[in-house]
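Quick caveat, the model's predicted, so the values are computed rather than measured.
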Amino acid sequence: MTTQKTRSQPWFRVAVDLKKDGPFFGMVGLICGFVQVVGYKYFDKADWGSELLQEHIAFNSLLLMAMCLWLARGLMEWLTMHWTMQRTKVLIEHVAGRAVAFGSVAASVIIGFAISAAIFGAYAHAIKFAQAALYFVGLSEVVANPLRQAELSKGYFLALGMIIVTPFAF
């Protein structure tokens, strides 16, 4: 029972942002990883790379936006039964776009950092960084999707599962 509407849904709504941000911010993460190794080995275990990395990750802002967006979308769905709220819908979609951009940048930088860790042989750390990047991709995917079941991307439930499982994995 698949309709044309369900077949036309994208796999991941954040793929466009990841393709756009990935090359640049992935390289930034790679450079941060190299700076981390150089600082640690040659400058008395300096933590420069991870400090640079943290400047590109807006975790608290992204999480707060995600919670506010879920609440705002739920309220809007309830209130639009009685009123048309076109400006509110545009505002919610704008905030969702900004949240997806935050998550895309964070995921790209962390992937670059993970690649750097793998290059220097820290495979366990590389896997943990890759998992953190997938968490940010999942969070961005959940934020990018509307509440209506018919409009969800095909990877929405996978992303939601990643968000739920990841905190328990660490």
Side-chain angles (χ1 to χ4, degrees), residues 8-71 73 93-147 151-170:
S8 67
Q9 294 301 332
W11 276 99
F12 292 103
R13 292 182 186 270
V14 296
V16 174
D17 284 303
L18 286 172
K19 285 179 186 176
K20 183 180 68 170
D21 294 334
F24 175 75
F25 287 105
M27 189 58 70
V28 168
L30 189 67
I31 291 169
C32 289
F34 288 148
V35 168
Q36 177 68 21
V37 169
V38 168
Y40 190 80
K41 284 186 178 180
Y42 302 112
F43 292 96
D44 197 28
K45 298 183 180 183
D47 208 17
W48 299 333
S50 64
E51 289 175 11
L52 289 171
L53 177 72
Q54 290 174 11
E55 290 187 17
H56 292 89
I57 301 171
F59 178 72
N60 292 332
S61 298
L62 183 58
L63 205 57
L64 181 64
M65 280 194 282
M67 290 186 289
C68 288
L69 279 169
W70 285 334
L71 178 64
R73 284 182 173 150
E93 293 309 313
H94 176 73
V95 173
R98 295 293 86 218
V100 169
F102 280 13
S104 173
V105 167
S108 299
V109 170
I110 293 171
I111 283 293
F113 208 78
I115 291 169
S116 176
I119 288 171
F120 288 107
Y123 301 115
H125 290 90
I127 290 170
K128 286 184 180 184
F129 285 123
Q131 186 178 10
L134 285 175
Y135 179 78
F136 278 102
V137 170
L139 190 56
S140 297
E141 182 65 26
V142 169
V143 167
N145 278 281
L147 289 180
E151 299 172 359
L152 296 177
S153 67
K154 294 176 183 175
Y156 175 78
F157 291 107
L158 178 66
L160 190 61
M162 186 70 184
I163 290 173
I164 293 169
V165 169
T166 299
F168 299 110
F170 288 108

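- Nearest approach of T166 to Y135, heavy atoms of both residues: CB-CD1, 3.5 Å.
- The CZ atom of R73 sits 12.0 Å away from atom CG of L71, with the distance rounded to the nearest 0.5 Å.
- Expressed to the nearest 0.5 Å, how far CD of E141 lies from CZ of F157 amounts to 11.5 Å.
- The structure places CG of L64 at 9.5 Å from CG of L69, a figure rounded to the nearest 0.5 Å.
- One finds the CG atom of L52 at 11.0 Å from the CD1 atom of I57 (value rounded to the nearest 0.5 Å).
- In terms of heavy-atom proximity, V35 sits nearest to G49 at CG1-N, 3.9 Å.
- Rounding to the nearest 0.5 Å places CG of L30 at 14.5 Å from CZ of F25.
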Which donor-acceptor pairs under 3.5 Å do side chains of residues 98-118 form with protein atoms, sequence neighbours excluded?
residue	atom	partner	partner atom	Å
S104	OG	D17	O	3.1
S104	OG	D21	OD2	3.0
S108	OG	S104	O	2.9
S116	OG	F34	N	3.4

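- No side-chain heavy atom of M65 sits less than 4.5 Å from a side-chain heavy atom of V143.
- Contact check for W48 versus V38: no side-chain heavy atoms found under the 4.5 Å cut-off.
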What donor-acceptor contacts under 3.5 angstrom involve side-chain atoms of residues 40-47, with partners at least two apart or in another chain?
residue	atom	partner	partner atom	Å
D47	OD1	Q36	NE2	3.0
D47	OD1	S50	OG	2.7
D47	OD2	S50	OG	3.0

